[in-house]
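A note on names: the letters A, B, ... follow the listed sequences, proteins ahead of strands, and every chain is numbered from 1.
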Protein chains: 2
Amino acid sequence: MGISERKKKILAAVVDEYVRTAEPVGSKSIAANAGLGCSSATIRNELAELVSLGYLEQPHTSAGRIPTPMGYRLYVNELMQKQKLSLEETEDINRRMNQKLRELDDTIGDISRLASQVTNYPALALTTRTAVTIKRFDLIYVDANTFIIVALLSDNTVKNKLVKLPVSVDQKLVQRLSALFNSGFTNITEEAVTPLLINSTERAADDTMGVTSVIAAFVIETLSSAVAPSAFVSGENRLLNQPEFRDPDKAHKLMGYLSGGGYILPSEESLDEAGEIKVLIGPENVAEELKDSSVVIATYDAGDNTRGMIGVIGPTRMDYSTVAAKLSILAAGLSRRLGGGEAPPEGMHNKLIIKGDRENE
Amino acid sequence: MGISERKKKILAAVVDEYVRTAEPVGSKSIAANAGLGCSSATIRNELAELVSLGYLEQPHTSAGRIPTPMGYRLYVNELMQKQKLSLEETEDINRRMNQKLRELDDTIGDISRLASQVTNYPALALTTRTAVTIKRFDLIYVDANTFIIVALLSDNTVKNKLVKLPVSVDQKLVQRLSALFNSGFTNITEEAVTPLLINSTERAADDTMGVTSVIAAFVIETLSSAVAPSAFVSGENRLLNQPEFRDPDKAHKLMGYLSGGGYILPSEESLDEAGEIKVLIGPENVAEELKDSSVVIATYDAGDNTRGMIGVIGPTRMDYSTVAAKLSILAAGLSRRLGGGEAPPEGMHNKLIIKGDRENE
DNA sequence: ATTAGCACTCGAAAGGAAAGAGTGCCAACA
DNA sequence: TGTTGGCACTCTTTCCTTTCGAGTGCTAAT
């Protein structure tokens with residue numbers, strides 16, 4: 001199976017150099033820089049073999065080599081040296097996360113922005129929740145036409161809504177409804193909110209003005225939007241940093257896809273264990289628009305059945321190791337802050353577990 | 001003073017054509033299309049004069065003419081025929097607004113996205129509030145370590161926060177604090193939340209565990225973020241539709257500026273009366289990055305001391321009249337929905353009041 | 001005042017030559 | 001057998017020149 005050690009070194013050198021320069025890399029520069037003691041002619045022979053093995057390709061005869069997706073895959077799985085960020089970088093990321101997260105509730109937008117800033121690629125953040133329920137209701141009576149619904153969800157976020165009624169409603173009714181909803185509508189999922197339940201509540205509360213249905217609508221709305229995966233893409237413009245997107249049409253196409261909330265993630269169920277990093281290279285992506293881009297995704301644990309992902313999108317020629325390291329820090333930070341549970345201490349460089357498609361194993 | 005009627009017609013023809021094609025327009029095509037009965041030679045003479053008057057310019061000798069910012073200004077102020085959108089278009093916009101706004105609280109992001117979709121230019125939305133206060137507090141006791149702060153603001157939005165304490169706190173204390181905050185912290189602005197006030201409240205509540213300061217922090221945070229102007233830019237990628245931004249560097253620069261929340265708006269106090277449309281052409285913009293772009297801004301009234309703006313950014317060669325018409329509908333819709341007050345009925349095409357710099361009057 | 005005609009200008013597009021990077025292969029070598 | 005220097009070859013990139021054409025400015029005629 002495997003290929004010779006030297007071939008691997010050469011492949012790694014090609015990838016590193018290509019990532020850095022975005023230019024096809026020639027035998028000469030490898031001989032000069034990669035520090036294996038042999039001449040360019042030898043390298044040429046090896047390169048030719050790597051091409052026929054499918055790890056590299058040539059844009060045209062008499063140009064240098066660039067990695068194929070298969071080449072990147074091997075690089076990511078085996079070759080790339082796990083990037084240790086400097087302590088300053090790590091601290092910087094953590095500090096910025098602290099600033100942003102002070103008030104983090106559902107502002108995954110901030111996370112996404114942060115990831116984009118830190119990596120200098122477009123980034124996306126998304127969360128999927130399963131089975132969110134309401135833990136507790138409170139109805140706050142404000143005045144005869146107005147009350148506030150407050151709901152504490154099972155994921156410990158709080159939703160509210162100010163309700164203005166066209167009719168007056170008396171405080172007693174609000175209290176009755178508050179009690180009824182607390183007993184009848186807590187700890188149930190959206191599907192369990194049936195017209196039957198609503199009707200019987202309405203009758204029990206002796207509500208002749210339709211207040212019950214207003215509250216029920218809020219419940220449904222809250223539960224369904226809480227469960228709906230929410231996504232946020234930001235920093236699309238950073239795509240234009242990359243030489244491969246200097247063609248405005250290409251850039252536009254991908255950016256349009258991204259900001260359309262285009263979906264990227266492999267598929268819902270492949271949200272892996274928190275802490276893992278997943279790399280999808282070029283054609284490994286499902287979406288047509290991403291076929292020649294790569295996506296690096298980190299999964300974090302946001303507690304209570306909530307999994308989140310942060311990821312970045314870039315050209316296949318991407319600085320996988322740095323990006324993976326940075327995302328890993330972000331994901332660990334998020335797990336620590338949101339997961340509620342026991343989490344690795346802040347300062348620690350956490351181990352990267354890189355995982356990708358299985359096709360090369 | 002003004003220039004001859006025919007010159008105006010010619011100028012309008014140049015702008016219209018240039019907006020459509022993005023190519024310098026020559027005397028011949030004007031003679032053919034503008035329908036004033038004279039030959040291209042005559043047009044040429046007129047064009048030459050328009051150039052020397054400063055309304056047009058030539059990229060180079062022997063090219064057609066393109067409008068200068070001054071030319072656009074005249075066009076916007078006097079020449080452009082107010083676009084009447086078709087009924088379908090109007091309805092479409094209103095319908096989409098209805099969908100989005102159902103749950104509009106502070107999701108100006110949605111508005112911005114909508115504006116961008118509708119106009120096909122990048123769009124921004126922003127709101128400035130002045131003097132927001134808290135109308136009413138409720139502290140909801142959840143368990144010994146947990147309570148929820150609910151605040152109803154003067155602009156009728158509700159903010160909340162779930163507070164988890166490291167220590168147990170008894171229900172009585174929560175009630176006392178609730179009452180104290182309701183009397184002491186309502187109807188005051190951020191500046192009035194002094195350490196003195198906080199201290200005295202803490203003492204009055206007999207709070208030895210620092211709960212008071214947690215709530216006070218929430219108050220400060222809430223008031224300051226409510227007053228902070230919030231902005232949202234979206235659809236940056238649509239910039240790439242425009243031929244003048246095919247140069248990725250140019251595009252990147254502007255997009256970076258935009259998504260950096262770069263600020264565009266002329267200046268805070270120039271938020272004009274709701275219903276007005278403001279056009280800033282090229283160098284009329286203050287920001288260096290916008291010097292060769294144009295901005296069209298509509299102001300709407302969001303009720304209770306809140307003014308909002310929605311605007312779009314595009315090249316100076318912009319379809320001002322359509323954009324103005326569309327923004328006008330959006331702004332009217334927002335005023336109607338958010339302003340609470342009396343507003344023009346939905347179906348009505350509202351009159352455009354276009355306002356720009358005064359320099360040409 | 002308008003128009004037809006014409007020489008002129010200047011950019012954009014097309015063609016071609018030269019430069020340069022990098023390869024593939026061969027013959028020599030350890 | 002694996003490695004190396006050398007060299008001819010290929011293909012792209014760049015630059016220069018030429019050509020083409022749109023559009024002008026001017027002039028003389030109406």
Side-chain angles (χ1 to χ4, degrees), chain A residues 3-11 13-18 20-68 71 243-244 246-248 317, chain B residues 3-11 13-18 20-68 71 243-244 246-247:
Chain A
I3 57 179
S4 80
E5 215 44 46
R6 190 170 66 183
K7 279 201 183 56
K8 287 186 182 175
K9 274 200 179 135
I10 292 175
L11 176 56
V14 172
V15 174
D16 286 333
E17 172 102 355
Y18 184 61
R20 212 166 45 77
T21 64
E23 302 279 310
V25 359
S27 53
K28 220 165 179 175
S29 73
I30 296 180
N33 302 324
L36 25 164
C38 60
S39 80
S40 67
T42 311
I43 309 276
R44 273 205 288 287
N45 291 330
E46 296 280 54
L47 287 176
E49 289 187 55
L50 283 167
V51 168
S52 68
L53 288 170
Y55 293 109
L56 294 178
E57 63 185 343
Q58 291 182 283
H60 52 267
T61 346
S62 96
R65 310 305 209 281
I66 63 178
T68 60
E244 26 275 279
R246 292 199 68 78
D247 172 9
R317 179 193 61 78
Chain B
I3 57 179
S4 81
E5 215 44 46
R6 190 170 67 186
K7 280 201 182 56
K8 287 185 182 175
K9 273 199 178 134
I10 292 176
L11 176 56
V14 172
V15 174
D16 285 334
E17 172 103 354
Y18 184 61
R20 212 166 44 78
T21 64
E23 302 279 312
V25 0
S27 54
K28 221 167 180 174
S29 73
I30 296 179
N33 302 324
L36 24 165
C38 60
S39 80
S40 65
T42 312
I43 309 276
R44 274 206 288 284
N45 292 328
E46 296 279 53
L47 287 176
E49 289 187 54
L50 282 167
V51 169
S52 69
L53 288 170
Y55 294 108
L56 295 178
E57 63 186 342
Q58 292 182 282
H60 52 267
T61 344
S62 95
R65 309 304 208 282
I66 63 177
T68 61
E244 26 275 278
R246 292 201 68 79
D247 172 10

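Put simply, the side chain of T68(A) gets close to the backbone of G54(A): a donor and an acceptor are under 3.5 Å apart.
Between T61(B) and T61(A), the residue anchored nearer the 5' end of DNA chain C, judged by the nucleotide with its closest heavy atom, is T61(B).
With rounding to whole Å, L36(B) atom CG is found 17 Å from dA1(C) atom P. Atoms NZ (K28(B)) and C1' (dG21(D)) sit 11 Å apart, rounded to a whole Å. To the nearest angstrom, P of dG25(D) lies 12 Å from CD of E49(B). To the nearest angstrom, C1' of dG23(D) lies 13 Å from CD of E23(B). The NE2 atom of H60(A) sits 14 Å away from the P atom of dT10(D) (whole-angstrom rounding). The separation between I66(A) atom CD1 and dA21(C) atom P is 19 Å, rounded to whole Å. Computed from coordinates, the I43(B) CD1 to dA1(C) C1' distance equals 14 Å when rounded to whole Å. Between the CD1 atom of I10(A) and the P atom of dG2(D) there is a distance of 14 Å, rounded to whole Å.
Comparing dT2(C), dG5(D), dT3(C) by their nearest atom to the side chain of S39(A) picks out dG5(D). Of the candidate nucleotides dT24(D), dT23(C), dG25(D), dT24(D) has the atom nearest to the side chain of L47(B). For R65(B), taking side-chain heavy atoms from C-beta onward, the closest of the listed nucleotides dG22(C), dT3(C), dG25(D) is dG25(D). Side-chain proximity of A48(B) to dG25(D), dT4(D), dG11(C): nearest is dG25(D). The nucleotide whose nearest atom lies closest to any side-chain atom of S62(B) is, among dG23(D), dC11(D), dT3(D), dG23(D).
Contact record, E46(A) with S4(A): OE2-OG, 4.3 Å, taken as the closest heavy-atom pair.
Looking at heavy-atom distances under 4.0 Å, A41(A) makes contact with a base.
Applying the 3.5 Å distance criterion, the base of dG2(D) shares no donor-acceptor pair with the side chain of R44(A).
For K9(A), the NZ atom counts as loosely surrounded, since its 6.0 Å shell holds 12 or fewer non-hydrogen atoms of other residues, nucleotides or ligands. Within 6.0 Å of NZ in K28(A) there are 12 or fewer heavy atoms belonging to other residues, nucleotides or ligands.
An OP1 or OP2 oxygen of dG24(C) is reached within less than 4.0 angstrom by a side-chain nitrogen or oxygen of Q58(A). Dashed line: the shortest gap from a side-chain N or O of S27(A) to OP1 or OP2 of dT23(C) is under 4.0 Å.
Test I66(B), I30(B), V25(B) against E17(B) for side-chain contact (heavy atoms from CB on, under 4.5 Å) and you get one pass: V25(B).
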